[in-house]
Protein chains: 2
Amino acid sequence: MRRIAESTVRRLSLYLRFLEEFEHQGIKTVSSEALAARGSGGTTPAQVRKDLSFFGSFGKRGLGYDVRALATRIRDILGLKRRYRVALVGAGKVGSALVQYEGFRDRGFEIVAIYDRDPKKIGERWNGVVVRDVGHLEADLKRSPVDIAIVVTPAAAAQDVVDRLVSSGVRGILNFAPTSINVPSTVALKTVNMAQELETLSFALARK
Amino acid sequence: MRRIAESTVRRLSLYLRFLEEFEHQGIKTVSSEALAARGSGGTTPAQVRKDLSFFGSFGKRGLGYDVRALATRIRDILGLKRRYRVALVGAGKVGSALVQYEGFRDRGFEIVAIYDRDPKKIGERWNGVVVRDVGHLEADLKRSPVDIAIVVTPAAAAQDVVDRLVSSGVRGILNFAPTSINVPSTVALKTVNMAQELETLSFALARK
DNA sequence: GGATGTGAATGTCTTCACAGCT
DNA sequence: AGCTGTGAAGACATTCACATCC
């Protein structure tokens, strides 16, 4: 299977959002030009066509793309036709924000377990899910596996938690801990680092 | 001034974090190899040297880099020698998490104003900052400008808020609203989209 | 006629490999 | 001898431009 650039995948995710907007507005057909224009600046018609062409040819020459059909194809490509069971490790402020974030559930990512180490948090009910002692992680995941884990622990705890998640069969990790994490190549890892985002802004500001 | 790739800037931000760890451990000197190894997988010794070489030559051949001196240089490059005044627009769950996040203040990003539209939120005190009606935005920023704004509004409100921020002189925007935003080229913009991050994971999982 | 799909060309980023300091 | 700094080579990503098909 051909390697696909991460930038391509991120754009597909954007296109999907735009297509859903168009569908909502009752628009039946779009050209690569219209799709690119919606993400103004971010991309070009040629880019849209090239991105899609890695996966097949979904348009009609002279016409463009059927909005609903293309959205379906992209959902399929991105693996969004199924639901994902997600565990959240770290019941702090960020964790609390993520649990309440509608965007996850809308896309089929369902937080089914929440862990923390703090006895004050353990037993709380968040959006219907009871916070459990992180000590139960392995036993729980054995009984009731998850596909993805979101890690929102302090930096010092993150690698250990990730190791335990990986050996419990988790195949994707979204890491919010402000540190760099190691996983075997069989596991997909994405790290989101807020401070890093602000620092790239700071750099841009410093040169303008 | 030579254009620098965003990927280079992100790595510099990482290197800085690693250098701070090394300094904390009392390590005086690092080689490009040691720095690359700390971010295992993410980079290579050659990459480290090339990234740094865009800004000058900071190492000693045969020896490596002085940890403290290099950290200082990178802070300088990233524009982290000054403090930034930051406004937060949107006092929801994510906003609340960001306000409490220590990593921002540690790096010189200080949230000095918080806005919302919800009368229930207005008047609340968050970490010593009073939430104000977003209607006061322009007047407030005129009296007391900020450098950067973090936008955490619903998607539908984001572009309008951003336009008002930009015309009030904000030069950098960190956007958490799940939509794509336009700014003039004089303004630096970064968008963080949680659902998009999960979708790239989903894509990776679907192909493994 | 009009917009896709795609090789070829261009541009950008990463890796290599070694000359040059310390 | 050891490790940096950097042109040159290679890999990768984007843009161009046009033949192709509806």
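Protein chains get the first letters and strands the later ones, always in sequence-line order, with residue 1 at the start of each.
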Undergrad: Run the side chain to side chain contact (heavy atoms under 4.5 Å, CB included) test against A/R132 and tell me which residues pass, sequence neighbours left out.
TA: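 Partners of A/R132 under the side chain to side chain contact (heavy atoms under 4.5 Å, CB included) test: A/Y115, A/H136, A/D140.
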Undergrad: Take the C1' atoms of the five end pairs on each side of the helix from C/dG1-D/dC22 to C/dT22-D/dA1, derive the two axes, and give their angle rounded to 10 degrees.
TA: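 It comes to 10° between the two terminal axes.
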Undergrad: Does a sphere of radius 6.0 Å around CZ in B/R38 hold more than 12 heavy atoms from other residues, nucleotides or ligands, not counting ones at 6.0 Å or beyond?
TA: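 Yes.
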Undergrad: Look at B/S7 and C/dT14 and indicate whether a side-chain polar atom (N or O) is within less than 4.0 Å of OP1 or OP2.
TA: yes
Undergrad: Could you list the residues that satisfy side chain to side chain contact (heavy atoms under 4.5 Å, CB included) with A/D160, not counting sequence neighbours?
TA: A/R164
Undergrad: Does A/Q47 have a side-chain nitrogen or oxygen under 4.0 Å from the phosphate oxygens OP1 or OP2 of D/dT15?
TA: yes
Undergrad: Have B/R49 and B/S53 got a donor and an acceptor in their side chains that come within less than 3.5 Å?
TA: no
Undergrad: Please identify each residue that fulfils side chain to side chain contact (heavy atoms under 4.5 Å, CB included) with A/R82, with sequence neighbours left out.
TA: A/Y84, A/D147
Undergrad: With sequence neighbours left out, which residue pairs that include part of residues 28-74 of chain B fulfil the ring-ring contact (aromatic ring centres under 6.0 Å, His included) condition?
TA: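 Output for this query is empty, none listed.
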Undergrad: NZ of A/K81: more than 12 outside heavy atoms within 6.0 angstrom?
TA: yes
Undergrad: Report the C-alpha distance between B/Y101 and B/F104 in whole Å, list the side-chain angles of each, state the deciding distance to 0.1 Å, and finish with yes or no for ring-ring contact (aromatic ring centres under 6.0 Å, His included).
TA: CA-CA 6 Å; B/Y101 179 44; B/F104 287 163; 4.9 Å; yes
Undergrad: OP1 or OP2 of C/dC13 versus the side-chain N and O atoms of B/R3: is any pair under 4.0 Å?
TA: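 Checking B/R3 against C/dC13: at least one side-chain N or O falls below 4.0 Å of OP1 or OP2.
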Undergrad: Along nucleotides 3-9 of chain C, 5' to 3', which nucleotides get a B, which get an S, and which get a -, given that the test is a protein heavy-atom distance under 4.0 Å?
TA: BBBBBB-
Undergrad: Without decimals, in angstroms, what is the distance between B/E6 CD and D/dA13 C1'?
TA: 15 Å
Undergrad: Measure from CG on B/D51 to C1' on D/dT6 and round the result to the nearest Å.
TA: 13 Å
